[in-house]
Every structure is written in structure tokens, then in C-alpha cells.
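These notes concern the structure reproduced below.
On a predicted model such as this, the values are computed, not experimentally measured, just so you know.
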Amino acid sequence: MQAPQRVPDNDFIIDDSEDGEEDDMFDISSENGVIPLEEVDLCTILRTFKEEHISDDQISIICIRRRKLLESAIKAISRVTFSWTDLPQIEFVGEDADDGGPQREFFRLLMIELQTSLGIFEGKAGQVFFTYDQAALEQRKYFKGGNLIAWSIAHGGPCIRALDPSLFQLMCGQEPQLEQFDSHVLPDPDVQSKLKQIQQCKTAEDLTALQQDLGDWIAECGIPGIFNATVEDMPKIYAYVVKHYIFLRTAKMIHQFTDGMNAYGKLWDLVMDNWIAFLPLFTNMQEPLSKAAFKAIFRYNYSTRGSNHREAEEDTIFSWEMVLNMIEDKVTELRFEDLLIFVTGADEVPALGFPRKPCIDFYEQEAGQRRLPYASTCAMCLYLPRGITEEDKLHEMLFQATRDSLGFGKV
């Protein structure tokens, strides 16, 4: 067996990218499906914001209890010595790791916790609205939510990617067309039913019944003219009621939230000025990763051509390609996002890209032992065993590795 010489190489025949394309990760076009077209400008906007506000030479250690992640984060930003412009060094209690892996994982999990646990959002996953909660307003939870989102964005982390698109446009001072708004996405079934009755008002008899049944409620939504309305007015009245329910009704909550974002470098003002560019960060526009987009993220660290190690590595990569086909064909529960989280701590390519191109490397299985594939989220490297010739075996190992992994560093 020849001693392996580590040579970064992407020219294995299965990989259809050409030599010299290792840096494509940092100039991604919309064609590969990773970053929508609007985010080309977004990258420039965020990079400029970061250069103007973030201190590269100031580091703040942020201690996080994984089981109390949201509570830990709020305590961190509430300290009198906290500075959002410092680079956050995330330390999960009981886990050893450094560099960017924990930070990427932390901000990803934080955005999930914000949607589900803080109490400022409601609705189905990926399309949420602000809650109308006076107690949360008094406790300034909406302000803290804005702080946390701005903190994540400022340091290259994700946003919630979950606001209803019409709500986001209204928050940015736009006037979306609400006549065709889908009321089924609203979290309140009673409001859904009332909006459906307005939408189905087509005749004079329907209008009379609507005025009798819902006239007072519609008037309380800021539309006292309902009692003088005609059937032709119904689409506009429907739009007014939608706007009242998703935006005007919760205006105080939204204002406190945007104040929280503006507390960190006037970030919400930047969002409003560039709302189209920020759409992919705040709304659920992201398509699932495709195989081509996923492959474009990685480079391969092959051994020298002609070596025994190289031969075994190519066997493994062929099986790897077959596993990727299984994911693409949806014949497994494994997703490309699962693998990306396992390797980098993030479930998508950040708007500013990764600090370096993630890689795939290889290791030797010791005789009589079965070591699962492992990863370093700090180095952003996935380690695969050499000489795996059966795709089902590699799939089983990857599935178990991603499901069993906890913490950071090497798992």
C-alpha cells in the first residue's frame, strides 16, 4: 500500500465540475438553485453592512445551554456588557469546538426556536404571522425577537424565512394585491370562515346576509362602509379585512419588532430600502437543495492518482453518487439538507457564502471495526470510509451518522 498524498481534486469522472471551479461556491448564480437571483444584490448589501458595523478584532464568548437555547440567547443579549458588533464565539455547555461550526448551528437553531417558542409568531411552519399578545408586548418579547434576528443576519446567519410574503411586503411599506389572498393560511379558523363568506358574496341576497351576519365585525375591522357597499365592492372589502387582520391589528407588535431590529445598526431600515433583495431571508422562498446544487458545495480531497488509496476512494465516491441519487429520487428519508447540517451546521448556503469551500475527505476502516462517517463542522469536512462498494451500506452508515450525531467538532 502506498502512503497517501493528500491532493485536493475535483476531476474524478463522476464529478461533472471542471478543474478550477472550487471557488464557485462564492459566486453562485441562480442556475444551481442554491441562491435566488435577488440574493446577488443581497450579498453586496450584507457585506457592506458587516464591514461598517462588525468588529473583527472584538470577540464575545456566548455560553449556550442546548436544551435552553432561546433562553440562553436572550440572557446573552440582555447583559449590560453585550455588544452585537462583537464576533460571537458560541460555546455549547459540555461540547468542545471552536471556529464557525457552533455559530452556524446556533443561529440555525435559534431561528427555529424564535418561530415556535418565543410566542411572537403564529401560523403554520414557513408562513407565520405576528401574534396579538398584550403580555408579550409588555414584556418586550417582540423587541427581543427583532434583536435576535438582526444579530443572526449581521453575523452571516440565517433569518426566519417564515413570514407570510404579503405581511412582509406590508411591513416594508408596500401594497400587495390582497384580493386573492389565500385565507386558509391564517391561524384562526373563525377568521378563515368569515373571509370565505366575504369572498363568496356574489349576489344581492348574499350581501344582505353578509351585512346581517358579519356587518358589525367587518365595521370593527375599519370598514364602516360595509352597510352601504355593493357586491362589486366585495373584493376590495375582502382585501381591507385581510390587511386589518394580518397587519393593522398587530401594528404595535410589528413596530416593537422592527424597533428591535433597528437597535442593531438600523437593520430594519436597510431591509425596507431593499425589500426585494431581502425577500429570500424573511419569507419561505427557498427551494429544497437539488443534487447539482449540493454537489457544487463540496470539493474532494483525493489521494494521488494511481495509488491504492485513490482506487478505494473512487469506489466510495461512486457509492456516494448512488446515495445522492437515492436522495434525489426521494426513496430515502435522508435529505441533502441533513447532510449539509451534519457537515457545516447550516441547512443552507449562507447569503455571504461559507468562509471556505466544504470538503470531503477519507479515512481507513480498521480491520474488524465499523466506524461511521464523521464530520467536523468547524473544518466543514465530511470524512467517508475508503473502499465502500455498496451504496446501500454507505446509505445506512450516513443515515445512522446524521441521526445519531449531537454536538460539534468531530462526531
Side-chain angles (χ1 to χ4, degrees), residues 70 111-146 148-149 159-202 206-227 229 231 233-260 279 282-285:
L70 180 59
M111 293 303 101
I112 296 173
E113 288 281 307
L114 272 175
Q115 292 182 53
T116 59
S117 303
L118 188 57
I120 65 173
F121 297 113
E122 62 180 352
K124 67 178 184 179
Q127 195 161 13
V128 299
F129 303 86
F130 284 90
T131 57
Y132 185 81
D133 189 332
Q134 293 281 3
L137 187 70
E138 185 175 346
Q139 297 166 13
R140 296 182 64 76
K141 286 187 176 182
Y142 299 93
F143 188 85
K144 291 297 184 185
L148 293 170
I149 288 175
C159 191
I160 57 172
R161 287 184 300 153
L163 285 182
D164 175 81
S166 296
L167 170 61
F168 176 72
Q169 291 181 56
L170 288 167
M171 291 171 63
C172 293
Q174 306 302 310
E175 290 294 337
Q177 297 297 314
L178 298 176
E179 288 81 359
Q180 302 301 319
F181 181 85
D182 183 6
S183 61
H184 293 95
V185 303
L186 296 175
D188 189 332
D190 183 55
V191 175
Q192 289 184 28
S193 177
K194 290 174 178 176
L195 283 170
K196 182 178 180 181
Q197 189 173 344
I198 297 172
Q199 203 169 34
Q200 293 178 343
C201 183
K202 305 296 184 183
D206 292 339
L207 179 57
T208 300
L210 179 70
Q211 290 169 335
Q212 291 176 348
D213 297 342
L214 300 179
D216 291 340
W217 181 77
I218 294 174
E220 291 173 357
C221 292
I223 315 166
I226 179 61
F227 296 105
V231 171
D233 296 325
M234 287 304 104
K236 183 59 68 175
I237 287 176
Y238 177 86
Y240 286 154
V241 173
V242 169
K243 183 176 181 179
H244 166 80
Y245 183 78
I246 70 173
F247 180 62
L248 299 176
R249 180 180 64 97
T250 56
K252 288 185 177 179
M253 291 73 183
I254 292 172
H255 183 68
Q256 188 181 100
F257 171 82
T258 57
D259 279 351
L279 263 172
F282 283 86
T283 65
N284 188 21
M285 296 177 60

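- Of the inter-residue distances, the one linking L70 atom CG with S117 atom OG reads 6.0 Å to the nearest 0.5 angstrom.
- Counting all heavy atoms, side chain and backbone alike, I226 lies closest to Q211 at O-NE2, 3.0 Å.
- Taking each heavy atom of I237 and A229 in turn, the nearest pair found is CD1-CB, 3.6 Å.
- You'll find the side chain of V191 stays beyond 4.5 Å of the side chain of V241, heavy atoms only.
- Ring orientation note: the planes of F130 and F121 are tilted relative to one another, at an angle of 30° to 60°.
- With rounding to the nearest 0.5 angstrom, the OG1 atom of T250 is 12.0 Å from the CD atom of Q256.
- Listed by first and then second residue, the salt bridge (Lys or Arg N to Asp or Glu O under 4.0 Å) pairs involving residues 243-255 are E175-K243 (not counting sequence neighbours).
- Among all heavy-atom pairs drawn from Q169 and P176, the shortest one is OE1-CB, 3.7 Å.
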key: Worked verdict on F143 versus F257 for side-chain contact (heavy atoms from CB on, under 4.5 Å)   = CA-CA 5 Å; F143 188 85; F257 171 82; over 6 Å; no
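- Side-chain contact between Y238 and S183 is present, with at least one heavy-atom pair separated by less than 4.5 Å.
- Between T131 and M253 the shortest heavy-atom distance is O-CG, 3.5 Å.
- In this structure, Q199 and M234 have side chains that are not in contact, with every pair of non-hydrogen atoms separated by 4.5 Å or more.
- For the residue pair Y142 / T258, no side-chain donor-acceptor distance below 3.5 Å is found, with atom types taken as modelled.
- Across every non-hydrogen atom of E179 and K236, the tightest pair is OE2-NZ, 3.4 Å.
- Listed by first and then second residue, the side-chain hydrogen bond (donor to acceptor under 3.5 Å, both in side chains) pairs involving residues 119-129 are Q127-D164 (not counting sequence neighbours).
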Contacts under 3.5 angstrom, residues 212-224 side chains, donor-acceptor by atom type, not counting sequence neighbours:
{"from": "D213", "atom 1": "OD2", "to": "Q197", "atom 2": "NE2", "distance (Å)": "3.4"}

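- The side-chain heavy atoms of L186 and F181, taken from C-beta on, include a pair separated by under 4.5 Å.
- Between the SG atom of C172 and the CG atom of L163 there is a distance of 9.0 Å, given to the nearest 0.5 Å.
- Nearest heavy-atom pair across Y245 and P187 is OH-CG, 4.3 Å.
- Residue F227 places its CZ atom among more than 12 non-hydrogen atoms of other residues, nucleotides or ligands, all under 6.0 Å distant.
- Annotation for H244: atom NE2 counts as buried by contact number, over 12 foreign heavy atoms lying within 6.0 Å.
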inquiry  = side-chain contact (heavy atoms from CB on, under 4.5 Å), that's the test. Do M111 and L114 meet it? Break it down for me.
reply    = CA-CA 5 Å; M111 293 303 101; L114 272 175; 3.5 Å; yes
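- The CG atom of L210 lies 5.0 Å from the SG atom of C201; values are rounded to the nearest 0.5 Å.
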inquiry  = Is there a side-chain contact (heavy atoms from CB on, under 4.5 Å) between F282 and R161? Walk through the geometry before answering.
reply    = CA-CA 4 Å; F282 283 86; R161 287 184 300 153; over 6 Å; no
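- Side-chain atoms of D182 never come within 3.5 Å of backbone atoms of V185 as a donor-acceptor pair (strictly under, hydrogens ignored).
- No more than 12 heavy atoms of other residues, nucleotides or ligands lie within 6.0 Å of OH in Y240, so this atom counts as exposed by the packing criterion.
- The shortest distance between side-chain heavy atoms of I254 and L167 falls below 4.5 Å.
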task = Show your reasoning for whether side-chain contact (heavy atoms from CB on, under 4.5 Å) applies to K194 and D190.
result = CA-CA 6 Å; K194 290 174 178 176; D190 183 55; 3.1 Å; yes
